[in-house]
J.: 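For reference, the structure I am asking about is given below.
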Amino acid sequence: MPCTTETIESTRPQALDDGVSTPGLVLVWTPRGATCQSLPLPDDGLVLGRDGVGDTRFHDPRISRTHCRVRVEDGSWRVEDLGSRNGTVVDGCGVRGTYSGVGTRVLRVGRCLFILARDLSRFHLGVERHGDVVVGTALREAWREIARASTLGNTLLITGESGVGKELAARRFHEAPPRRGGPLVDVNCAAIPESLAESLLFGSRKGAFSGSMDSPGYLLSAHRGTLFLDEVGELSLHVQGKLLRALESREVLPLGATSPRAVDFRLCLATNRDLRGAVVRGAFREDLYFRTCRPSVTIPPLRERVEEIPWLVESMLASLPEPRAAHFSLVEACMLRAWSGNVRELAVELRSAALRVGPGEEVTVNELDPDAGRLLAGATPGAIARLLTPREGVPVARALDPPPPPEPPRPPAPPRATDATTPPRRPESARSHAYRNRERIIAALREARGNVTEAARRLDIPRTQLRRWIAKLKLDPKQYR
């Protein structure tokens, strides 16, 4: 749902004592939307109930008066359901009695979502939103390092996986004092043809080669500003050597020119590759590496910024041309997945899921692609290990956990709408058929003036099947009469 002032109240929890590891819960989602509120864990555990905890309110009637107890015992999380009406869910699995585990990440109580944090101190500043940019604890610390690096020199290397926001980090470096201002020239080195790289970077004079015109080049365009070279490892060794020469002499010699021109700029490099390994392989110049790749800042992946995900989901769906709301089941699923494509992948998958519901409706986990946010096929063992290795104080999504063994079939329980905590699973094939034929169904209903039997005859399908499709598409035949 769109974020309002009421939705984001108390997003800056009270600061905790520095140097003290305080385990507890971080409330990140309520029926009112995304939030970030810390709940320290007493020695005897914390009881969650309908009235909330202290000054923190859950605003959720689906939470029982005494719903569950959470505590840490012998280094493990223990979650005990206290006979709640709607159940307690840990990492997507319902709790029967008491759950115990070390790598626990996400707790669901009613429609509220919590992060189980080993140390609440890393969440004491909460989550901030600057326009479309969401900044949590880990990202805020990376941005602080960038600000400190800007005071130490004119070069910075930004590393991180694809989609983590290296472009935003480069802009932070550009806007940081003491040399803020001037132009920011953003160059994607992977998109530059090797034959044109030298002229595009360093400029050219008319007649320098066939078809050449006077061009200042990217380096001169960044004079008194910042040059951002994304995917710098894609540059050829020859161009790397000329770039090093320009940095050392602070002069640029365009192709076809007889005299160099003075240039002054800050240089920001970004890559998702191991440049040190590229130096060993001979794919990156050692002298350029030592000249430009220190200091360096790593932008953490989205799976280490789990507190940002509810805010990102809410913001991305609300910013669509036809806004949608986020169902808590969608937010929970997004928090439990690895997102190897990080923020970029999350945005693409949410747009795709939003297509399956109408404007203003809630997007549930049923609309999210089952493979969204999971590790892509063909990943290296090293990448898999990085995704699955837990880090102290950081919730990590286990993208490749084997599925649990199938349980013996049970007789279906009658549905109770008031007790439901997750939306019913709809058959993928039926849903895709319905959406694929949406326009035909609407046209048939319009021609039949809302008569379902006549519309089914026109579509040459059984009436019961058409009624199922109408229900899945949430259409009202009466409006076509």
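Here the structure is a predicted model, which means the values were calculated and not measured. Along the sequence shown, residues carry numbers from 1.
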J.: Would you say Thr137's side chain and Arg122's backbone share a donor-acceptor pair under 3.5 angstrom?
T.: yes
J.: If every non-hydrogen atom of Leu247 is compared with every non-hydrogen atom of Leu267, which pair is closest and at what distance?
T.: CD1-CD2, 3.7 Å
J.: Any side-chain heavy atom of Val363 sitting closer than 4.5 Å to one from His327?
T.: no
J.: Report yes if some heavy atom in the side chain of Met335 is under 4.5 Å from a heavy atom in the side chain of Trp29; otherwise report no.
T.: no
J.: Just wondering, do Phe123 and Ser38 contact through their side chains at under 4.5 Å, heavy atoms?
T.: yes
J.: Has Asn342 got a side-chain atom pairing as donor or acceptor with Leu302's backbone, closer than 3.5 angstrom?
T.: yes
J.: Contact between Glu362 and Val357 at the side-chain level, heavy atoms closer than 4.5 Å - yes or no?
T.: no
J.: Does Arg261, at its CZ atom, have more than 12 non-hydrogen atoms belonging to other residues, nucleotides or ligands within less than 6.0 Å?
T.: no
J.: So Pro23 and Leu120, do their side chains get closer than 4.5 Å, heavy atoms only?
T.: no
J.: Charged N to carboxylate O under 4.0 angstrom, Glu175 versus Arg180?
T.: no
J.: Cationic tip of Arg266 within the cone over Phe173's six-membered ring, i.e. under 6.0 Å and within 45° of the normal?
T.: yes
J.: On a heavy-atom basis, which atom in Arg344 and which in Glu167 lie closest, and how many Å separate them?
T.: NH2-OE2, 4.0 Å
J.: So how far is it from Leu200 CG to Ser215 OG, rounded to the nearest 0.5 Å?
T.: 7.0 Å
J.: Rounded to the nearest 0.5 Å, what separates atom CG in Leu27 from atom CG in Leu39?
T.: 6.5 Å
J.: Using a strict 4.0 Å threshold on nitrogen-to-oxygen distance, state whether Glu141 and Arg144 make a salt bridge.
T.: yes
J.: List for me each residue that meets side chain to side chain contact (heavy atoms under 4.5 Å, CB included) alongside Thr298, sequence neighbours excluded, and say none if there are none.
T.: Thr159
J.: Between Arg291 and Glu248, does any NZ, NE, NH1 or NH2 come within less than 4.0 Å of an OD or OE carboxylate oxygen?
T.: yes
J.: Tell me the closest heavy-atom pair linking Asn272 and Ser162, and the distance in Å.
T.: ND2-CB, 4.0 Å
J.: Suppose we call two aromatic rings close when their centres sit under 6.0 Å apart. Are Phe58 and Phe114 close by that rule?
T.: yes
J.: Could you please spell out the steps behind the salt bridge (charged side-chain N to carboxylate O under 4.0 Å, His left out) verdict for Lys242 and Glu198?
T.: CA-CA 8 Å; Lys242 194 165 183 178; Glu198 189 172 358; 2.9 Å; yes
J.: Okay, side chain of Asp119, backbone of Thr22: is any donor-acceptor separation there less than 3.5 Å?
T.: yes
J.: Check the pair Leu229, Asn188 against side chain to side chain contact (heavy atoms under 4.5 Å, CB included), reporting the backbone distance first and the verdict last.
T.: CA-CA 6 Å; Leu229 297 181; Asn188 184 0; over 6 Å; no
J.: So which heavy atom on Arg374 is nearest to which on Ser340, and how close?
T.: O-OG, 4.1 Å
J.: Would the distance check show the side chain of His223 and the main-chain N or O of Asp264 forming a donor-acceptor pair, the cut-off being under 3.5 Å?
T.: yes
J.: Please answer whether the main-chain N or O of Gly160 pairs with a side-chain N or O of Lys166 as donor and acceptor at a distance below 3.5 Å.
T.: yes
J.: Between Leu275 and Phe284, which heavy-atom pair has the shortest distance, and what is it?
T.: CD2-CD1, 4.1 Å
J.: Would you compute the distance between atom CZ of Phe290 and atom CG of Leu244 and round it to the nearest 0.5 angstrom?
T.: 12.5 Å
J.: Please answer whether the main-chain N or O of Gly217 pairs with a side-chain N or O of Ser221 as donor and acceptor at a distance below 3.5 Å.
T.: yes
J.: Are any side-chain N or O atoms of Gln240 and backbone N or O atoms of Arg285, one a donor and one an acceptor, separated by less than 3.5 Å?
T.: yes
J.: Using a 4.5 Å cut-off on heavy atoms from C-beta on, say whether the side chain of Trp77 contacts that of Arg118.
T.: yes
J.: Quick one, Leu227 with Tyr218, criterion side chain to side chain contact (heavy atoms under 4.5 Å, CB included). Give me CA distance, side-chain angles, the key distance, then yes/no.
T.: CA-CA 8 Å; Leu227 177 65; Tyr218 294 135; 4.1 Å; yes
J.: Indicate whether any N or O donor in one side chain lies under 3.5 Å from an N or O acceptor in the other, for Thr226 and His174.
T.: yes
J.: In plain terms, say whether Asp60 and Arg111 are close enough for a salt bridge, that is, a side-chain N and a carboxylate O under 4.0 Å apart.
T.: yes
J.: Roughly how far, to the nearest 0.5 Å, is OG of Ser319 from CG of Asp132?
T.: 6.0 Å
J.: About how many Å separate CH2 of Trp311 and CZ of Arg305, when rounded to the nearest 0.5 Å?
T.: 15.0 Å
J.: Give a yes or no answer on whether the side chain of Arg129 reaches the backbone of Val134 with a donor-acceptor pair at less than 3.5 Å.
T.: no
J.: State plainly whether the residues Arg351 and Glu349 are in salt-bridge range, i.e. N to O under 4.0 Å.
T.: no
J.: Looking at Arg276 and Asp274, is any side-chain nitrogen of the basic one under 4.0 Å from a carboxylate oxygen of the acidic one?
T.: no
J.: Please determine which of Leu368, Leu346, Ile309 meets the side-chain contact (heavy atoms from CB on, under 4.5 Å) test together with Arg337.
T.: Leu368
J.: Are any side-chain N or O atoms of Arg324 and backbone N or O atoms of Glu322, one a donor and one an acceptor, separated by less than 3.5 Å?
T.: yes
J.: One thing to verify: whether Glu361 and Lys474 come together as a salt bridge, which I'm taking to mean a side-chain N less than 4.0 angstrom from a carboxylate O.
T.: yes
J.: Within a 6.0 Å radius of atom CZ on Arg224, are there more than 12 heavy atoms belonging to other residues, nucleotides or ligands?
T.: no
J.: Can you tell if the side chain of Val89 reaches within under 4.5 Å of the side chain of Glu332, non-hydrogen atoms only?
T.: yes
J.: Do Thr35 and Val28 have side chains that get closer than 4.5 Å, going by heavy atoms?
T.: no
J.: Does CD belonging to Glu194 count more than 12 external heavy atoms closer than 6.0 Å?
T.: no
J.: Could you verify whether a donor N or O on one side chain and an acceptor N or O on the other, from Ser236 and His238, lie under 3.5 Å apart?
T.: no
J.: Using modelled atom types only, decide if a donor and an acceptor are shared between the side chain of Ser150 and the backbone of Ala147 within a distance under 3.5 Å.
T.: yes
J.: Kindly determine whether Val135 and Val127 satisfy side chain to side chain contact (heavy atoms under 4.5 Å, CB included), including the steps that lead there.
T.: CA-CA 6 Å; Val135 183; Val127 177; over 6 Å; no
J.: Go through the steps to decide whether Glu251 and Val263 satisfy the test side chain to side chain contact (heavy atoms under 4.5 Å, CB included), and finish with yes or no.
T.: CA-CA 5 Å; Glu251 293 180 338; Val263 66; 5.8 Å; no
J.: Where is the tightest heavy-atom contact between Leu220 and Ala262, given as atom of each residue plus distance?
T.: CD2-O, 4.1 Å
J.: Cut-off 3.5 Å, side chains only: do His130 and Glu128 have a donor facing an acceptor?
T.: yes
J.: With rounding to the nearest 0.5 angstrom, report the SG to CZ distance, Cys112 to Phe328.
T.: 9.5 Å
